[in-house]
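Some notes on the structure that comes next.
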Amino acid sequence: MTEDDKPGSVQDDQMQSLIGKQLRNLYDSVLVEPIPDKLVELLLKLDDIEVGTATSPKKPATDDDSAESDSE
């Protein structure tokens, strides 16, 4: 390891800054990509399922319910 490669050196700081800029550019480009139609369809189906269960919630199980199912 050379003196310039040590943590806290000017060259190290410049390298970290360059890596940070490149990562930001990469992630920014991913954020503006469109969402595939197939993924949108799957998310909509998931929303429909969640809304369906929210409108007709199941009765929570009680100790009495589990005892009845065990005896059957």
Side-chain angles (χ1 to χ4, degrees):
M1 177 180 281
T2 67
E3 195 66 31
D4 289 336
D5 294 337
K6 289 185 179 178
S9 69
V10 173
Q11 187 176 11
D12 182 59
D13 292 342
Q14 290 172 345
M15 184 60 69
Q16 287 185 10
S17 178
L18 177 64
I19 292 170
K21 287 177 185 177
Q22 290 176 338
L23 284 173
R24 277 190 291 280
N25 287 337
L26 174 68
Y27 290 131
D28 287 344
S29 69
V30 170
L31 287 175
V32 296
E33 288 182 10
I35 300 173
D37 292 338
K38 199 73 169 168
L39 181 57
V40 172
E41 290 173 21
L42 290 171
L43 290 171
L44 290 172
K45 286 180 183 179
L46 181 60
D47 282 344
D48 289 344
I49 291 170
E50 288 178 351
V51 169
T53 57
T55 56
S56 59
K58 291 185 176 183
K59 183 181 116 182
T62 62
D63 290 338
D64 294 337
D65 293 337
S66 62
E68 289 175 13
S69 62
D70 291 340
S71 63
E72 290 177 10

* Asked: If you measure from CD1 on Ile49 to CG on Leu44, what distance do you get to the nearest 0.5 Å?
  -> 11.5 Å
* To do: Give the cluster check for Tyr27 versus Ile19: same hydrophobic cluster or not, with ILVMFWY residues linked at side-chain heavy-atom distances below 4.5 Å.
  => yes
* **Glu50 side chain near Asp47 side chain, heavy-atom distance below 4.5 Å** => yes
* Quick one: pull up CG in Asp12 and CD in Gln16 and give me the separation to the nearest 0.5 Å. => 4.5 Å
* More than 12 heavy atoms of other groups within 6.0 Å of Ile35 CD1 -> no
* How long is the span from the CG atom in Leu18 to the CG atom in Leu23, to the nearest 0.5 Å? -> 9.5 Å
* Asked: Does atom CG of Asn25 have more than 12 heavy-atom neighbours from other groups under 6.0 Å away?
  -> yes
